[in-house]
**Student:** 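I have a structure I would like to understand better, so I am pasting it below and will then ask my questions one at a time.
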Amino acid sequence: MPVQNAEIAAMFDQAAELLEIKGENPFRIRAYRRAARTVENLPKSAAAMLVVGEKLSELPGIGKDLAGKIATIVDTGKFELLESLRRELPGELGQMAALPGLGPKRVKTLADKLGVRTLEDLGRAARKGRLQELRGFGAKLEQGILAALDKPVRMTRFKLPFVEAEAKSIADWLGGDPSCGRVVAAGSYRRRRDTIGDLDMLVTTRRGATVGDRLTAYENTAKVLAHGPTWTTVILRSGLQVDLRVVEEECYGAALLYFTGSKAHNIALRNLANDDGWKLNEYGLFAGERRICGKTEEEVYEKLGLDFIPPEMREDRGEILLAKKRALPELVSISDIRGDLHIHSKWSDGAASIADMAHVAKSRGYSYIAMTDHSQRVTVAHGLGPDRLLRQLNEIDRLNAEIGEFTILKGVEVDILADGHLDLPDRVLSRLDIVIASIHYKFDLPRDEQTERIIRAMDNRHVSIIAHPTGRLIGEREPYQIDMERVLRPHENETVFWRSTPIRTGWT
Ligand code: DGT
Ligand code: CA
Ligand code: CA
């Protein structure tokens, strides 16, 4: 099993973090982070690209040097720089940098000034009040760190796209066994939750043990926790646990239903079955000893008097009642998406030109995109001030005149300043079709102030959308404190909370 893109990206990210703790050149640090994002988002594995001779050095943010490093990682599974950084900076500095309020810079200060190297050192120093004596730390930060250290160790969950890559390659590998029938990933993965605790794979065959053997022999399997004729559990190199269940073909539907979950949905279905004097389990739906059905999920839902419930809705949050009333809503699917209203280009921190993005969007069948580069306050993203933004509008006019049957809307992602004012004057905002307002700093304001800040931004009549309204980064950053009910409540004298002028789409 070749090294996966996510592993390469993680190595680059960890190296960047340790380089930052060492106080190395910020350009070098940024280069590793940028390369990590590029590798993470590649449509195919870097290892596979190297095999067919595709040049990694032509990817955005990856020059000859980094391409060489990726090739070595793919060859050896090792990143020499990261290993030497780990030797140089032992302890738990990386984990520390991930704590709220701390980052590589502060961790460096802690290591230099207080000799803190482990989480335990950190807790000790914080309890003695040593942190708040340091410049730029303060009592509040110290409290925050103590609170974070106090929390029970959070179980690591994995992001959906990451698990998707793992699931596909496991399915390919298991499918190589001639006795293997269907291979499907169930559990929270099939319900498309944003994070996944472990991956539940279901396989149909009469020779379960050999498929289980094959999983234990998978190149990415790091540890075998359990292995029997119908159930195998392993841990992958990435740390992801995989539960493999083997069932016979005639139980496929009932088993898939059971292992897709959620647990709450299963319990509700089982109760429905009980109401009819039946029994539902992972082998089928039974009346006494007699099997009523179980080969497909559809049959089971039908016998229970329900419409088929898509996995994404199986959370016992009202879907069963709706299915009984034949009133389930239709889910939004990719083909429903007509455009994208939040796009960055090379003008700020995007990777492509406006023309390239418009053409790709058009080729995907979209009717429109809105260009929404950052405003000037976000200097790291090379944000746009009034002059550059107005120049961008000319470029958009030119492109719209050429492209035909497609509209590039003029927009911006304007920063909400600390007091709720916006980072661009009204005279500029009034020239745009769409204005996204969002917060990129001062995430730690008290709830009331943060809510006021956003509401004030919404009161600007040019603002059409508040982007990432909680600031949460899945698995990386907690949401900021905000009273969402209040943000969503219609303003007095207002019938709807949509506070902008309608979008002018140009062709309608
Ligand atoms: P995760 O892994 O934490 O993201 O969430 P799930 O939903 O994948 O949970 P997991 O892996 O523990 O179990 C997979 C499915 O198996 C779950 O969605 C429903 C079913 N299941 C597990 N335990 C029970 C149980 O105690 N009762 C019932 N009825 N179903 C269960
Ligand atoms: Ca699971
Ligand atoms: Ca599981």
Side-chain angles (χ1 to χ4, degrees), residues 6 152-171 174 182-204 208 211-212 215-216 218 220-236 238-247 251-276 278-286 293-294 296-297 300-301 303-304 306 308-320 323 472 474-476:
V153 184
R154 199 165 55 97
M155 213 180 74
T156 359
R157 297 184 60 87
F158 294 78
K159 286 192 236 178
L160 182 64
F162 175 79
V163 177
E164 180 137 46
E166 296 270 33
K168 283 196 170 127
S169 89
I170 293 174
L174 295 178
R182 298 190 224 218
V183 186
V184 58
S188 51
Y189 170 80
R190 183 161 177 251
R191 303 199 312 279
R192 312 305 281 174
R193 298 303 307 253
D194 48 24
T195 64
I196 310 297
D198 66 17
L199 176 61
D200 305 282
M201 302 287 297
L202 185 68
V203 166
T204 60
V211 181
L215 180 62
T216 64
Y218 179 50
N220 246 354
T221 293
K223 201 168 161 192
V224 179
L225 297 185
H227 180 29
T230 60
W231 190 316
T232 302
T233 294
V234 303
I235 307 275
L236 301 182
S238 61
L240 178 67
Q241 177 175 318
V242 181
D243 290 340
L244 174 74
R245 260 312 269 264
V246 181
V247 297
C251 303
Y252 174 71
L256 182 59
L257 191 62
Y258 183 89
F259 291 110
T260 297
S262 64
K263 188 172 162 178
H265 181 85
N266 288 353
I267 291 172
L269 290 186
R270 212 166 49 201
N271 290 338
L272 269 186
N274 290 346
D275 292 345
D276 290 331
W278 296 334
K279 208 177 99 196
L280 177 65
N281 59 28
E282 62 262 54
Y283 303 103
L285 182 63
F286 296 88
C293 65
T296 68
E297 286 188 326
V300 179
Y301 280 115
K303 288 284 182 227
L304 294 175
L306 303 175
F308 179 81
I309 301 176
E312 291 87 342
M313 289 183 191
R314 300 183 192 171
E315 303 291 345
D316 192 24
R317 284 164 56 183
E319 74 278 10
I320 292 175
R472 174 181 76 136
I474 296 171
E476 285 167 40

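Remember, it's 1-based here, ligands and their atoms both numbered in the order they're listed. These numbers were taken from a predicted model, which means no experiment stands behind them.
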**Student:** Report the name of the N/O/S atom of D200 located nearest to the Ca ion (ligand 2).
**Tutor:** OD2
**Student:** Working to the nearest 0.5 angstrom, can you tell me the gap between D243 CG and L202 CG?
**Tutor:** 11.5 Å
**Student:** Tell me, which N, O or S atom in D243 is closest to the Ca ion (ligand 3)?
**Tutor:** OD2
**Student:** Nearest to atom 7 (O) of ligand 1 by heavy atom, E282, R191, R245: which?
**Tutor:** R191
**Student:** Determine the sole option in R192, R190, K159 for which the salt bridge (charged side-chain N to carboxylate O under 4.0 Å, His left out) test with E164 is passed.
**Tutor:** R192
**Student:** When R191 is tested against each of E319, E312, E315 for salt bridge (charged side-chain N to carboxylate O under 4.0 Å, His left out), which residue passes?
**Tutor:** E315
**Student:** Does ligand 1 have an atom under 4.0 Å from some heavy atom of R270?
**Tutor:** yes
**Student:** Could you see which bit of R193 sits under 4.0 Å from ligand 1, with heavy atoms only: side chain, backbone, both or neither?
**Tutor:** neither
**Student:** What distance separates T221 OG1 from I170 CD1, expressed to the nearest 0.5 Å?
**Tutor:** 7.0 Å
**Student:** Please say whether I267 places an N or O atom under 3.5 Å from an N or O atom belonging to ligand 1.
**Tutor:** no
**Student:** Tell me whether S262 has any N or O atom under 3.5 angstrom from an N or O of ligand 1.
**Tutor:** no
**Student:** Is it the case that R314 places NZ or CZ above or below the six-membered ring of F308, under 6.0 angstrom from the centre and within 45 degrees of the axis?
**Tutor:** yes
**Student:** Determine whether the side chain, the backbone, both or neither of N266 has a heavy atom under 4.0 Å from any heavy atom of ligand 1.
**Tutor:** side chain
**Student:** Would you mind listing which atoms of ligand 1 come within a distance below 4.0 Å of any non-hydrogen atom of G197?
**Tutor:** 1 (P), 2 (O), 3 (O), 4 (O)
**Student:** Number the atoms of ligand 1 from 1 as they appear, then name those within less than 4.0 Å of a heavy atom of D198, with their elements.
**Tutor:** 2 (O), 11 (O)
**Student:** Could you tell me, atom by atom, which parts of ligand 1 come under 4.0 Å of a heavy atom of T260?
**Tutor:** 18 (O)
**Student:** Go through the steps to decide whether T260 and E297 satisfy the test side chain to side chain contact (heavy atoms under 4.5 Å, CB included), and finish with yes or no.
**Tutor:** CA-CA 11 Å; T260 297; E297 286 188 326; 4.2 Å; yes
**Student:** In terms of atom number and element, which parts of ligand 1 are under 4.0 angstrom from non-hydrogen atoms of I196?
**Tutor:** 4 (O)
**Student:** Please round to the nearest 0.5 Å and tell me the distance separating atom OG1 of T230 and atom CZ of R245.
**Tutor:** 5.0 Å
**Student:** Please could you name the atoms of ligand 1 that G187 approaches to less than 4.0 Å, counting only its heavy atoms?
**Tutor:** 8 (O)
**Student:** Would you mind listing which atoms of ligand 1 come within a distance below 4.0 Å of any non-hydrogen atom of D200?
**Tutor:** 8 (O), 11 (O), 14 (C)
**Student:** Hey, could you give me the CG/OH distance between L257 and Y301, rounded to the nearest 0.5 Å?
**Tutor:** 4.5 Å
**Student:** Is the contact between D243 and ligand 1 made by the side chain, the backbone, both, or neither, using heavy atoms and a 4.0 Å cut-off?
**Tutor:** neither
**Student:** Determine yes or no for a side-chain-to-main-chain donor-acceptor pair under 3.5 angstrom, with D276 supplying the side chain and W278 the backbone.
**Tutor:** no
**Student:** Say whether, by atom type as modelled, one donor and one acceptor occur between the side chain of T233 and the main chain of Q241 under 3.5 angstrom.
**Tutor:** no
**Student:** Counting from 1, what ligand 1 atoms have a heavy atom of R157 closer than 4.0 Å?
**Tutor:** 1 (P), 3 (O), 4 (O)
**Student:** Indicate, as side chain, backbone, both or neither, the part of S188 found under 4.0 angstrom from ligand 1 when only non-hydrogen atoms are considered.
**Tutor:** both
**Student:** Hey, which atoms in ligand 1 end up nearer than 4.0 Å to a heavy atom of G261?
**Tutor:** 17 (C), 18 (O), 19 (C)
**Student:** Could you check whether S188 and R193, counting side-chain N and O atoms only, form a donor-acceptor pair closer than 3.5 Å?
**Tutor:** no
**Student:** How long is the gap from CD1 on I196 to OH on Y189, to the nearest 0.5 Å?
**Tutor:** 8.5 Å
**Student:** Which bit of Y189 is near ligand 1, meaning a heavy atom under 4.0 Å away: side chain, backbone, both or neither?
**Tutor:** neither
